[in-house]
Amino acid sequence: MIEVVIAGAGPNGLMLACELALSGVRPVVLERLTEPTDTQRANGLVGQVIRMLDRRGLYERLTAPGTTPEPAPRFTFGAFPLHLGDLPDNPLYTLLVPQLRIERMLAERAAELGVDIRRGHEVIGLTQGEKSVTVELREQVPIEAEFVVGADGGRSAVRKLAGIDFPG
C-alpha cells in the first residue's frame, strides 16, 4: 500500500513530496494534467518558504549561484506600503520567479529523490476505510493509500470529495 498520495503537482504538492521523500516516505503524486501547463499563474514566492528553499539547497536553483535570500526592505500588502528595512529581524522574504520555473525545479528535485509523479491521473472519488483511503481515478485503476493530501488548488477536487467546505 502507498503511504501518501498527493493530488496535485503544483508547487505545494511537489514541495510536500520532496519533504516526505527526504524523511523516508515514498509519496505518489497524482496530477490531472498530462503535461506541465504553460499557463502562468503566479510570479513568485513570499515569506518563510524562501528560507526553507535555501535550507534545502533549492534557492540557488532559482537564482544565481552563490546567492542567498535577503529580507525585503519594503512590501505592499492590500495597497498599503510596508517599510520593513528598520526591523531588527525582518521575517519577509520575496523571490520573483515564474511559477512555471518553480514547478519545473521542484519536479526535477522530486525525480532526484525518487518521487513517483503520475500525470494524467485525475482523482474522481475517495472512499475512507478503517486504515486506508481508496483513491478513485478517471480511467485508471484505483489506488489505496494510508493518507491522501489535496494539493490540487483553490478549486480542490480532493477537498470537495472529502466534504471540506471552503466558504471563501
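Computed over heavy atoms, backbone and side chain alike; hydrogens, waters and symmetry mates excluded. Here the structure is a predicted model, which means the values were calculated and not measured. Heads up: numbering here begins at 1 and tracks the sequence.
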Discussion item. With a 4.0 Å cut-off on N to O distance, would you call Arg56 and Glu112 a salt bridge?
Written reply: no

Worksheet item: Within the distance-only criterion (no hydrogens, no angle test), does the side chain of Asn90 pair as donor or acceptor with the backbone N or O of Ala72 below 3.5 angstrom?
Response: yes

Worksheet entry | Reported CG-to-CD1 distance for the pair Leu58 and Ile50, which is rounded to 0.5 angstrom | 13.0 Å

Practice prompt. Quick one: pull up CG in Leu62 and CG in Asp54 and give me the separation to the nearest 0.5 Å.
Written response: 11.0 Å

Item to complete: Find out if a path of hydrophobic residues (ILVMFWY) with successive side-chain heavy-atom gaps under 4.5 Å connects Ile6 to Leu126.
Response: no

Practice prompt. Mind running side chain to side chain contact (heavy atoms under 4.5 Å, CB included) on Glu19 and Met52 for me, showing each step along the way?
Written response: CA-CA 11 Å; Glu19 290 297 302; Met52 181 181 171; 3.3 Å; yes

Practice prompt. Is it possible for you to say whether Met105 and Leu33 belong to one hydrophobic cluster, with membership spreading through side-chain heavy-atom contacts below 4.5 Å?
Written response: no

Discussion item. Determine whether a donor-acceptor pair (N or O, by modelled atom type, separation under 3.5 Å) exists between the side chain of Ser132 and the backbone of Gly129.
Written reply: no

Worksheet item: So how far is it from Glu144 CD to Ile2 CD1, rounded to the nearest 0.5 Å?
Response: 9.0 Å

Discussion item. Using side chain to side chain contact (heavy atoms under 4.5 Å, CB included), reason through Leu22 and Arg109 one step at a time and then give a plain yes or no.
Written reply: CA-CA 11 Å; Leu22 287 170; Arg109 179 63 176 145; 3.9 Å; yes

Response to the item:
For Val123 and Ala7 the tightest heavy-atom approach is CG2-CB, 4.1 Å

Worksheet entry | Exam field: side chain Asp152 to backbone Ala157, donor-acceptor pair closer than 3.5 Å | yes

Worksheet entry | Atom pair CG (Leu45) and OG1 (Thr94), whose distance is rounded to the nearest 0.5 Å | 9.5 Å

Worksheet item: Should Phe77 and Val46 be counted in the same cluster of Ile, Leu, Val, Met, Phe, Trp and Tyr side chains packed under 4.5 Å apart?
Response: yes

Item to complete: List in chain and number order the residues that pass side-chain hydrogen bond (donor to acceptor under 3.5 Å, both in side chains) with Glu103, two or more places apart in sequence or in another chain; answer none if no residue qualifies.
Response: Arg41, Gln99

Response to the item:
The reported gap from CD in Glu108 to CG in Leu14 (rounded to nearest 0.5 angstrom) is 11.0 Å

Worksheet item: Going only through I, L, V, M, F, W and Y residues with side-chain contacts under 4.5 Å, is there a path from Val4 to Val158?
Response: no

Worksheet item: Does a sphere of radius 6.0 Å around CD in Gln128 hold more than 12 heavy atoms from other residues, nucleotides or ligands, not counting ones at 6.0 Å or beyond?
Response: yes

Worksheet entry | From CA spacing to verdict: side chain to side chain contact (heavy atoms under 4.5 Å, CB included), Arg118, Ile143 | CA-CA 12 Å; Arg118 301 179 187 178; Ile143 297 173; 3.5 Å; yes

Item to complete: State which residue, out of Thr134, Leu161, Val135, fulfils the side chain to side chain contact (heavy atoms under 4.5 Å, CB included) condition with Val148.
Response: Val135

Worksheet item: Out of curiosity, does Val5 fall in the hydrophobic cluster containing Val25 (side-chain heavy atoms, cut-off under 4.5 Å, transitive links)?
Response: no

Practice prompt. Kindly give the heavy-atom pair with the smallest separation between Val97 and Ile102, and that separation in Å.
Written response: O-CD1, 3.6 Å

Worksheet item: Are the side chain of Glu60 and the backbone N or O of Pro65 linked by a donor-acceptor pair below 3.5 Å?
Response: no

Worksheet, complete the sentence: Shortest non-hydrogen pair, Val115 vs Pro27, comes out as CG1-O, 4.0 Å

Discussion item. Rounded to the nearest 0.5 Å, what separates atom CD in Gln48 from atom CG in Leu92?
Written reply: 8.5 Å

Worksheet entry | For Arg119 against Ala9, the heavy-atom pair lying closest together | NH2-CB, 4.2 Å

Worksheet item: Nearest heavy-atom pair of Ala21 and Leu113: which atoms, and what distance?
Response: CB-CB, 3.9 Å

Worksheet entry | Smallest separation among heavy atoms of Arg138 and Ile124, with atom names | NH2-CG2, 3.5 Å

Worksheet item: Hey, are the side chains of Glu122 and Gln140 touching, using non-hydrogen atoms and a 4.5 Å cut-off?
Response: no

Worksheet item: Could you walk me through whether Arg61 and Leu53 pass the side chain to side chain contact (heavy atoms under 4.5 Å, CB included) check?
Response: CA-CA 9 Å; Arg61 293 185 185 201; Leu53 289 172; over 6 Å; no

Fill in: Pairing residues for Arg26 by the salt bridge (charged side-chain N to carboxylate O under 4.0 Å, His left out) criterion, not counting sequence neighbours
none

